[in-house]
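Below: one structure, written as structure tokens.
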Number of protein chains: 2
Amino acid sequence: MQILSHKERTYYLEKYQIDDFFSFDVSPFLEVCQFEKGEWIFQEGLFPDTLYYMMEGKAKLYVTHKNGKVSLIEYLKAPLFMGEIELLNETKYTKGIQTVTPTICLSITTQNCKEKLLADARFLRKLCVFLGEKAANMTAKYTQNQAYPLENRLAAFIQLSAEQGIYKEKHTEICEYLGVSYRHLLYVLAQFCEQGILVKQKNGYHIVDEAGLAYLAQEIS
Amino acid sequence: MQILSHKERTYYLEKYQIDDFFSFDVSPFLEVCQFEKGEWIFQEGLFPDTLYYMMEGKAKLYVTHKNGKVSLIEYLKAPLFMGEIELLNETKYTKGIQTVTPTICLSITTQNCKEKLLADARFLRKLCVFLGEKAANMTAKYTQNQAYPLENRLAAFIQLSAEQGIYKEKHTEICEYLGVSYRHLLYVLAQFCEQGILVKQKNGYHIVDEAGLAYLAQEIS
DNA sequence: ACAATAATGTGAGAAATCTCATATTTTTAA
DNA sequence: TTAAAAATATGAGATTTCTCACATTATTGT
């Protein structure tokens, strides 16, 4: 992690109109920083005292279970808050966040401005909207996972993540994201190929039956 | 649903110090109402324009999937907000909420005070804390469901819901809550009996091996 | 009080998903 | 550049979970 120079800082603060987020002057509490690709922003099990606002970049939110299984909970895409749960509640939430691309973040050490933040309607409103969406999204994911087998969830995910009709995510990552074993993910992909929905090629799985895929995916609300 | 008289209204507003929730006078926008047991507060597929704050009571949050499956997402216990997602985001969230006991709610028709609410730091802060917890809880449930078979999740649920060492929830409800079939729930309960963890009696399943149950449950973080 | 409805209980077979073992290929780091 | 690490791939057998069919109790409304 690297703290950006005054010049860059000003650039980003203006580009994303950070002033509009707060009704008081946060600049004394604030840095703009950059994480490299693959760097951990939060590590599981630590208490952060920093609130981040990701302005540019992508990351992954992880949790490790007592039985050793790892869940990739969510793909995070700017703009978003990180560490906001810890600001609000005393609980140690302590999930891991790892960047996927170089990432630019606003970083606010909350120690000295927690009370100001929690009394600022402009900030709180933004946070509420963010948290409301997050809660709604997690609820949707939770219930969909309960109600549909991998066949449907994977179809929906392929639709979402394919580019130019080609699906080429890393299996090791996606099985953690979809909450199934590596083996089973491969089985269902093979099944899609058998059904003539996908064709496996060097550069990824090509979607050849768009409609068939959509049929499997659309079951999900 | 029944709107309470002035006298009752005043009683509840004082009991739960509702004035402290807002920095402006909400009383023009507010009613105190009571739902009967089993009544629906929200129905799936409708747009509510009312924000509720449940002061007393319990309810269940439901969603119905396109494939006909029903998920009991959460048990709701006072105090909590309902309809807050709709206040914040334009999205139609539209889940169903059904009371389990008679329930007393603050009811705020948001049409005329939405802007006031969303500019009130005191209210927003409460809402943020609530939403933060909700998001954290859903995330935890989501990942646990991915990482553990029913054996572990049911053990944890029995610990949580048993009273005086007796588990007596309705199977039909719990299988919707745990996201498994009725059949499978019965299988695993039978298995717990075989293992000598539970003993089935007229009035419910008696926990006889507290430690064995804890062992199965404690796997979950 | 009694018919309708909801909840409980069980068997059998099938589908979804997991674990483990093992081999090959690709990527990464010293 | 090369050895180590990570990712891909596949088989075999075991577990978990599902669907469906059907029988037996409660519960509930009138």
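Lettering follows sequence order; numbering is per chain, from 1. Quick caveat: nothing in here was measured; it's all calculated off a predicted structure.
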For A:Gly179, which contact category applies under a 4.0 Å heavy-atom criterion: base, sugar-phosphate, or nothing?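 Counting heavy atoms under 4.0 Å across all strands, the contact made by A:Gly179 is with sugar-phosphate only.
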Answer with base, sugar-phosphate or nothing: what part of the nucleic acid does B:His171 contact at a heavy-atom distance below 4.0 Å? sugar-phosphate
To the nearest Å, give me how far apart [atom1] ([X]) and [atom2] ([N]) are.
| X | N | atom1 | atom2 | answer |
| --- | --- | --- | --- | --- |
| B:Glu176 | C:dA6 | CD | C1' | 13 Å |
| B:Arg183 | C:dT8 | CZ | C1' | 11 Å |
| A:Lys170 | C:dT28 | NZ | C1' | 11 Å |
| A:Asn67 | C:dC18 | CG | C1' | 12 Å |
| B:Tyr148 | C:dT19 | OH | P | 12 Å |
| A:Tyr182 | C:dA21 | OH | P | 17 Å |
| A:Ile174 | C:dT17 | CD1 | P | 16 Å |

Given side chains that start at C-beta, do those of [X] and [Y] come closer than 4.5 Å, heavy atoms only?
| X | Y | result |
| --- | --- | --- |
| B:Met1 | B:Ser107 | no |
| A:Leu30 | A:Leu13 | yes |
| B:Ile104 | B:Gln34 | yes |
| B:Tyr167 | B:Leu198 | no |

Pairwise distance CD1(A:Ile174) to CG(A:Leu186) - rounded to 0.5 angstrom: 12.0 Å
Please compare B:His184 and A:Glu169 by the position of their nearest nucleotide in DNA chain D and report the one closer to 5'.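 Final value for this comparison: A:Glu169.
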Where chain A begins and ends its contact with DNA chain D, read 5' to 3' at 4.0 Å from heavy atoms: D:dA7 to D:dA12
Judged by atom type as modelled, is there a donor-acceptor pair below 3.5 Å linking the side chain of [X] to the main-chain atoms of [Y]?
| X | Y | result |
| --- | --- | --- |
| B:Asn152 | B:Leu216 | yes |
| B:Lys60 | B:Tyr177 | no |
| B:Thr103 | B:Phe35 | no |

Short N-O contact, B:Glu56 and B:Lys15, less than 4.0 angstrom: yes
For a quick test of reading the model: is some side-chain N or O of B:Thr172 closer than 4.0 Å to OP1 or OP2 of C:dA6?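 It does not, given that no N or O in the side chain of B:Thr172 lies less than 4.0 Å from OP1 or OP2 of C:dA6.
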side-chain hydrogen bond (donor to acceptor under 3.5 Å, both in side chains) for A:Tyr187 and A:Gln191? Distances and angles first, verdict last. CA-CA 6 Å; A:Tyr187 269 136; A:Gln191 179 190 312; over 6 Å; no
List the steps and the verdict of ring-ring contact (aromatic ring centres under 6.0 Å, His included) for A:Phe21 and A:Tyr53. CA-CA 11 Å; A:Phe21 281 49; A:Tyr53 179 75; 4.8 Å; yes
Looking at residues 186-206 of chain A, who's got a heavy atom less than 4.0 Å off DNA chain C?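 Nucleic-acid contacts, sorted: A:Tyr187.
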Ranking A:Glu151 and B:Glu173 by the position along DNA chain C of their nearest nucleotide, the one closer to 5' is B:Glu173
Could you tell me which non-hydrogen atom of A:Ala136 sits nearest to which non-hydrogen atom of B:Ile85, and how far apart they are? CB-CG2, 4.4 Å
Computed from five pairs at either end and rounded to 10 degrees, the angle between the axes of the helix from C:dA1-D:dT30 to C:dA30-D:dT1 is 70°
